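One structure is given here, and the rest of the page talks about it.
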Amino acid sequence: MVSRKHISVQAPSNIAFVKYWGKTGRQYPINPSVSMTLKKCYTGCQISYCEGVDALSVDEFLFSGAKNEKFRKRIETYLHDIAQEMPMLNNLSLAIETENTFPHSAGIASSASAFAAIAYGLVHIEQELGIEAEQTIEQRASMLARLGSGSAGRSIAGPYTIWGDFTPEQSHNDFATEIKGIHPEFHQVKDAILLIDRQEKKVSSSAGHKLMENHPYRQARIEQAQDHTVRIIQAMRSGDWDCFGKILENDALALHSLMMTSDPSFILLAPNSLAVIARIRDFRETQNVPVYFTIDAGPNIHLIYPKSHEIQVEKFIEEELVSFCEDRKYIIDECGSGARILHA
Ligand code: PMV
C-alpha cells in the first residue's frame, strides 16, 4: 500500500494599501499593488498526499472541520488549472483541510490566505519529491497562489509586499516580493477591522475586475495606482505617516469610486462605513493621532495606525465606533510575517 504523507502550513491574510483592481491574461494585474501581511488573521492548512496515481484528485476537502463540496470543487478546478505550472499534480491524490482564525465572509480576504497556504504547501511537497524549480520557494508559491486569487500572491512574504510589473521597484506580474528598506516608524503597524456588515459580497471580485476592461477611468486608474505605489513606498521608507495616510485613504476611495462608476454600477459601502470615515477624520484632526482608514471590496473599515498610538485609537474605537459595527464586532490585528510550514 502506498503511504500518505502530511504537511501543515499557515498563511496570513493581507490588506492592500494600493489596490489591485482589473486584470488581464493569466491573472496579471493591470496596475501595481502594495499590501501589508496580517498576523492573527490567517488560514491553517493540512495537506495529505499520495503519489503515483493516474490522475489528480482531491478526495476530501474539510473547511473548519466539516466537509464542503463547494470549496472542494473550487480547489479541484484550481489544482487542475495550475497543473500546467506544476505537473506533479497530475499524479497526486490529495486531502486538504483548512480553517481560518477569522470569520468567513467578514470582508477579510479569506481566499487570499487559503490559496497562499495551499500554494505554499504544494511548493514544499514539490521540494520533498525532489522536483527542481527555477524560482525561489517564495516566488513560486506566490505565483501559484496568484493563480487562485490575485491578491493571494501577496500573502506569501511579509510584512509589506508589492505585486505587478513596475520598473521603479523592479517588481513582477508573476509574483509578489517583499518591500525592503521600511522605516522603523512602519515596523509595528496595527489594523483594526470594523465589521460593519458581515453579509456576503454582492459582487464577486472576479466580476469587479472584469468591469475594469471597458471602464472609462481605466487608464487614469493605472496611472494613479503607479503614482500611489511610488509615493506610498517612499512614505513607508521615510517614516512619513501623514503622506502615507493621505495616499492610503485616497486609494481606497478610488477603488470604491471605480465600482460606483462602472457599468453596471455597484456600491459596496454602507451608511455606517461613511459615518465611521467621518469620525476617523474628525478624531485624527482634533486629537492629532495618526490613524487612517482603508477599505477592501466591502463595507468594512480598516483603521491603520502605529502601535505607539494603540491605546488612544483602541479607546476611540470602543467609545465611538463599535456602535456602527454589526453586533459591535471588530478584530484587532497587526503586521506580520509571511507564510510558514508548521510541520512536514
Ligand atoms: O484577489 P481578488 O481577485 O479577490 O481581488 C482582490 C481585490 C481587492 O481586494 C479589492 C484589492 C486588493 O488589492 O486586495
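Below, each value reflects all heavy atoms present in this structure, side chains not excepted, and no hydrogens, waters or symmetry copies. Computed from a predicted model, the values in this text were never measured in an experiment. Each ligand, and each atom within it, is numbered from 1 in the order the structure gives.
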All N/O donor-acceptor pairs, side-chain side in residues 233-252, below 3.5 Å, sequence neighbours left out:
{"unit_1": "Arg237", "atom_1": "NE", "unit_2": "Lys180", "atom_2": "O", "d": "2.9"}
{"unit_1": "Arg237", "atom_1": "NH1", "unit_2": "Glu169", "atom_2": "OE2", "d": "3.0"}
{"unit_1": "Arg237", "atom_1": "NH2", "unit_2": "Glu169", "atom_2": "OE1", "d": "3.2"}
{"unit_1": "Arg237", "atom_1": "NH2", "unit_2": "Lys180", "atom_2": "O", "d": "3.1"}
{"unit_1": "Ser238", "atom_1": "OG", "unit_2": "Gln234", "atom_2": "O", "d": "3.0"}
{"unit_1": "Asp240", "atom_1": "OD1", "unit_2": "Asp242", "atom_2": "N", "d": "3.2"}
{"unit_1": "Asp240", "atom_1": "OD1", "unit_2": "Cys243", "atom_2": "N", "d": "3.0"}
{"unit_1": "Trp241", "atom_1": "NE1", "unit_2": "Glu185", "atom_2": "O", "d": "3.4"}
{"unit_1": "Trp241", "atom_1": "NE1", "unit_2": "Glu185", "atom_2": "OE1", "d": "3.1"}
{"unit_1": "Glu249", "atom_1": "OE1", "unit_2": "Arg281", "atom_2": "NE", "d": "3.1"}
{"unit_1": "Glu249", "atom_1": "OE1", "unit_2": "Arg281", "atom_2": "NH2", "d": "3.2"}
{"unit_1": "Glu249", "atom_1": "OE1", "unit_2": "Arg284", "atom_2": "NH2", "d": "3.3"}
{"unit_1": "Glu249", "atom_1": "OE2", "unit_2": "Arg284", "atom_2": "NH1", "d": "2.7"}
{"unit_1": "Glu249", "atom_1": "OE2", "unit_2": "Phe293", "atom_2": "N", "d": "3.2"}
{"unit_1": "Asn250", "atom_1": "OD1", "unit_2": "Gln224", "atom_2": "NE2", "d": "3.4"}
{"unit_1": "Asp251", "atom_1": "OD1", "unit_2": "Arg221", "atom_2": "NH1", "d": "2.9"}
{"unit_1": "Asp251", "atom_1": "OD1", "unit_2": "Arg221", "atom_2": "NH2", "d": "3.4"}
{"unit_1": "Asp251", "atom_1": "OD1", "unit_2": "His228", "atom_2": "ND1", "d": "2.7"}
{"unit_1": "Asp251", "atom_1": "OD2", "unit_2": "Lys19", "atom_2": "N", "d": "2.7"}
{"unit_1": "Asp251", "atom_1": "OD2", "unit_2": "Arg221", "atom_2": "NH2", "d": "3.2"}

Mind telling me whether Tyr20 and Trp163 have parallel, tilted or perpendicular rings, with 30° and 60° as the class edges? perpendicular

Interatomic distance, Ser8 atom OG to Leu342 atom CG [nearest 0.5 angstrom]: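 Answer rounded to 0.5 Å: 4.0 Å.
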
One line per pair, note the atom names and distance for all nitrogen or oxygen contacts under 3.5 Å between ligand 1 and the protein.
{"unit_1": "ligand 1", "atom_1": "1 (O)", "unit_2": "Ser149", "atom_2": "OG", "d": "2.9"}
{"unit_1": "ligand 1", "atom_1": "1 (O)", "unit_2": "Gly150", "atom_2": "N", "d": "3.4"}
{"unit_1": "ligand 1", "atom_1": "1 (O)", "unit_2": "Ser151", "atom_2": "N", "d": "2.9"}
{"unit_1": "ligand 1", "atom_1": "1 (O)", "unit_2": "Ser151", "atom_2": "OG", "d": "2.6"}
{"unit_1": "ligand 1", "atom_1": "3 (O)", "unit_2": "His209", "atom_2": "NE2", "d": "3.1"}
{"unit_1": "ligand 1", "atom_1": "4 (O)", "unit_2": "Ser205", "atom_2": "OG", "d": "2.7"}
{"unit_1": "ligand 1", "atom_1": "5 (O)", "unit_2": "His209", "atom_2": "NE2", "d": "3.0"}
{"unit_1": "ligand 1", "atom_1": "9 (O)", "unit_2": "Asp296", "atom_2": "OD1", "d": "2.8"}
{"unit_1": "ligand 1", "atom_1": "13 (O)", "unit_2": "Tyr20", "atom_2": "N", "d": "2.9"}
{"unit_1": "ligand 1", "atom_1": "13 (O)", "unit_2": "Arg154", "atom_2": "NH1", "d": "2.9"}
{"unit_1": "ligand 1", "atom_1": "13 (O)", "unit_2": "Arg154", "atom_2": "NH2", "d": "3.2"}
{"unit_1": "ligand 1", "atom_1": "14 (O)", "unit_2": "Arg154", "atom_2": "NH2", "d": "2.8"}

If two hydrophobic side chains count as joined below 4.5 Å and joins carry through other members, does Val34 share a cluster with Ile222? no

Close side-chain approach of Ile162 and Thr177, heavy atoms under 4.5 Å: yes

Counting N and O atoms only, with roles assigned by atom type, does the side chain of Tyr330 sit under 3.5 Å from a partner on the main chain of Leu321, one being a donor and the other an acceptor?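 No: the side chain of Tyr330 does not pair with the backbone of Leu321.
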
